Amino acid sequence: MNALTDLRLNPHLLGLPPYVPGRSIEEVQEQFGLGEVVKLASNENPLGPSPQAVAAFRAALQEAHRYPGVADQRLRQKLADKNNSRYQASFTEQNFIMGNGLTAILRTIGEAFIFEGGESVICTPTFPMYQTVTQRFGGKCIRVPHKNYRYDWQGMADAITPDTRLLFICNPNNPTGTLLRRDEVEALMARVPPSVVVVFDEPYCDFVADPNYSNAIDYVKNGRDQFLVLRSFSKLYGLANLRLGYALGTEAMIEYLGRARLPFETGDPVLCAAMAALEDEAYVTRVQKLIAAEKQFLYEGFAQMDLDYVPSEANYILLVNLPRPAQVINERLLQRGVIVRPMGSFGMPDALRVSIGTRAENECLLGALRQTVLD
């Protein structure tokens, strides 16, 4: 007998599609009896975290028996100082809220704004969690299809209704790596009513080279309450396993979001690691240079195999129009010890997303791809 038969279950949760994570190295090693496995599936930093961040994390563990203290406030102040310098702003610690990864921030936003039938607008394919957090709280997610792997900002504007509460913009977009550029953002914002919260989800912003990248922070800097900018420590800073993200907004917006945030959501060791990561600018530069160089290396390798890809402004590349079914290529890559990300769960069953790794990892990928698509 099903133990839940007699219970009243939340229909919004029952209707949620499960999030499909990338496969782990250990899982693939066990399944195929492999030793060395290269994981290029989850847009992770191939160099790992800064040694300074690791040291700060270890030091903070000495107080692991205590509840979190002032580290949250200190990190928020560091973020304010960093953004004030970069964007000529006057933010304070009250402009930031931390979360257990950006997924926790997204959940907080959903709880704060999706109620009584509220709607969100997204442009697909994009990060699946936007739809998940909308449905979790009983809302309706309006999906606008991309145009040639780029945001259809006019279609998004047309999709806004009186019930629209949230408009999600992943920029650069996951999984396409394409941008909504500054002029496009400005044109879209001109059509967004003040009752709609615009969420700029930007975990890959530090890899963007296009000078026309939109500066979403300007909207917050100018005191616009309806705008939120989301950033992460998972990608550039290599702290994915520590789960830390944050939102930047006006003080009024952040105070309101705080009402939906759980207490002690992040621990001091994680926050201390993030502070140290922010200060290690030499390490950050090293990561950015590696991603830029290796992206070109992969472009050249894909071109030699006549593989189509979408030029990316992030630390991953989307392979499209594949010569064989994506699932077939993915399975053969796994057998050769290379993990990439099939895009079926993103609504693109015929595409693969490849994270940019080190030169050795990328050479392994290209070699496995040659054996898979050219043999």
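All values below come from the heavy atoms of this structure, side chains included, with hydrogens, waters and symmetry mates left out. What you see is a predicted model, and the numbers here were worked out from it, not measured in a lab.
Under the 3.5 Å distance criterion, the side-chain polar atoms of N171 are matched with a main-chain donor or acceptor of L180. N84 places a side-chain N or O within 3.5 Å of a backbone atom of A80 that can act as its donor or acceptor partner. When atom types are taken as modelled, the side chain of S85 and the backbone of K82 share no donor-acceptor pair closer than 3.5 angstrom. Checked by atom type and distance alone, the side chain of D163 never pairs as donor or acceptor with a backbone atom of G118 at under 3.5 Å. With hydrogens and angles disregarded, no donor-acceptor distance shorter than 3.5 Å links the side chain of K140 to the backbone of S120. A donor-acceptor pair under 3.5 Å links the side-chain atoms of S50 to the main chain of Q52, judged by distance alone. The closest donor-acceptor contact from the side chain of N10 to the backbone of H12 lies under 3.5 Å. Under the 3.5 Å distance criterion, the side-chain polar atoms of D350 are left unmatched by any main-chain donor or acceptor of V320. A donor-acceptor pair is defined here as one N or O able to donate and one able to accept, closer than 3.5 Å; no such pair exists between the side chain of N321 and the backbone of D308. R324 contributes a side-chain N or O that, together with a main-chain N or O of T372, makes up a donor-acceptor pair within less than 3.5 Å.
With hydrogens and angles left out, the side-chain atoms of T250 and D225 include a donor and acceptor closer than 3.5 Å. With hydrogens and angles left out, the side-chain atoms of T92 and E251 include a donor and acceptor closer than 3.5 Å. Side-chain contact check for N100 and E265: no donor-acceptor pair (N or O, by modelled atom type) lies under 3.5 Å. Of the N and O atoms on the side chains of E119 and T161, at least one donor lies less than 3.5 Å from an acceptor on the other residue. Inspection of the Q135 and Q131 side chains reveals an N or O donor paired with an N or O acceptor under 3.5 Å. Using a 3.5 Å distance cut-off with no hydrogens or angles, the side chains of R353 and N174 do pair a donor with an acceptor.
Ring pair Y151/H146: centre-to-centre distance below 6.0 Å. Remark: aromatic rings of Y309 and Y149 are distant, center separation not under 6.0 Å. Note: F127 and Y130 meet the aromatic proximity criterion, with ring centroids under 6.0 Å apart. Remark: aromatic rings of Y316 and Y204 are close, center separation under 6.0 Å.
Counting non-hydrogen atoms of other residues, nucleotides and ligands closer than 6.0 Å to CZ of R143 gives a total of 12 or fewer. Summarising the local packing, CZ of R66 is surrounded by 12 or fewer heavy atoms from other residues, nucleotides or ligands at distances under 6.0 Å. Heavy atoms of other residues, nucleotides or ligands lying less than 6.0 angstrom from CZ of R58 number 12 at most. With a 6.0 Å radius and a threshold of 12 heavy atoms from other residues, nucleotides or ligands, F264 has its CZ atom above the threshold. Other residues, nucleotides and ligands contribute more than 12 heavy atoms inside 6.0 Å of the CG atom of N215.
For the pair R359 and F297, the distance from NZ or CZ to the six-membered ring centre is under 6.0 Å and the angle to the ring normal is within 45 degrees. Cation-pi check for R165 over F115 is met; the charged atom lies under 6.0 angstrom from the ring centroid and within 45 degrees of its normal.
Salt-bridge formation is not detected for the pair E361/K39: no Lys NZ or Arg NE/NH1/NH2 atom is positioned less than 4.0 Å from an Asp or Glu carboxylate oxygen. Ionic pairing of K78 and E279 is present here: one or more N-O contacts between side-chain nitrogen and carboxylate oxygen are shorter than 4.0 angstrom. Between E186 and R182 there is no salt bridge, since none of the side-chain N atoms of the basic residue sits less than 4.0 Å from a carboxylate O of the acidic one. Ionic pairing of R231 and D201 is not present here: no N-O contact between side-chain nitrogen and carboxylate oxygen is shorter than 4.0 angstrom. Under the 4.0 Å criterion applied to side-chain N and carboxylate O atoms, D72 and R261 are assigned as salt-bridge partners. Look at R181 and D210 and you find a salt bridge, because one of the NZ, NE, NH1 or NH2 atoms lies within 4.0 Å of a carboxylate O, short of that distance. Salt bridge D206/K289: absent, no basic N to carboxylate O contact under 4.0 Å.
L179 and F227 fall into different hydrophobic clusters, where Ile, Leu, Val, Met, Phe, Trp and Tyr are joined by side-chain heavy atoms under 4.5 Å apart, directly or via other members. When hydrophobic clusters are built by joining Ile, Leu, Val, Met, Phe, Trp and Tyr residues whose side-chain heavy atoms come closer than 4.5 Å, directly or via intermediates, V354 is not grouped with L334.
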(message) Set out, in order, the CA-CA distance, both residues' side-chain angles and the distance that settles side-chain contact (heavy atoms from CB on, under 4.5 Å) for N95 and M253, then state yes or no.
(response) CA-CA 8 Å; N95 290 108; M253 171 62 87; over 6 Å; no

(request) With side-chain contact (heavy atoms from CB on, under 4.5 Å) as the test, would you mind laying out the steps for I254 and Q94 before giving the verdict? (result) CA-CA 7 Å; I254 296 302; Q94 303 302 321; over 6 Å; no

(request) List the steps, then state whether salt bridge (Lys or Arg N to Asp or Glu O under 4.0 Å) holds for E184 with R150. (result) CA-CA 11 Å; E184 296 169 323; R150 300 191 68 247; 3.0 Å; yes

(request) For side-chain contact (heavy atoms from CB on, under 4.5 Å), just list the numbers for Q77 and V70, CA-CA rounded to whole Å, side-chain angles, deciding distance to a tenth of an Å, and then say yes or no. (result) CA-CA 11 Å; Q77 185 59 57; V70 298; over 6 Å; no

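Exactly one residue among V133, L230, T126, L228 makes a side-chain contact (heavy atoms from CB on, under 4.5 Å) with F168. That residue is V133.
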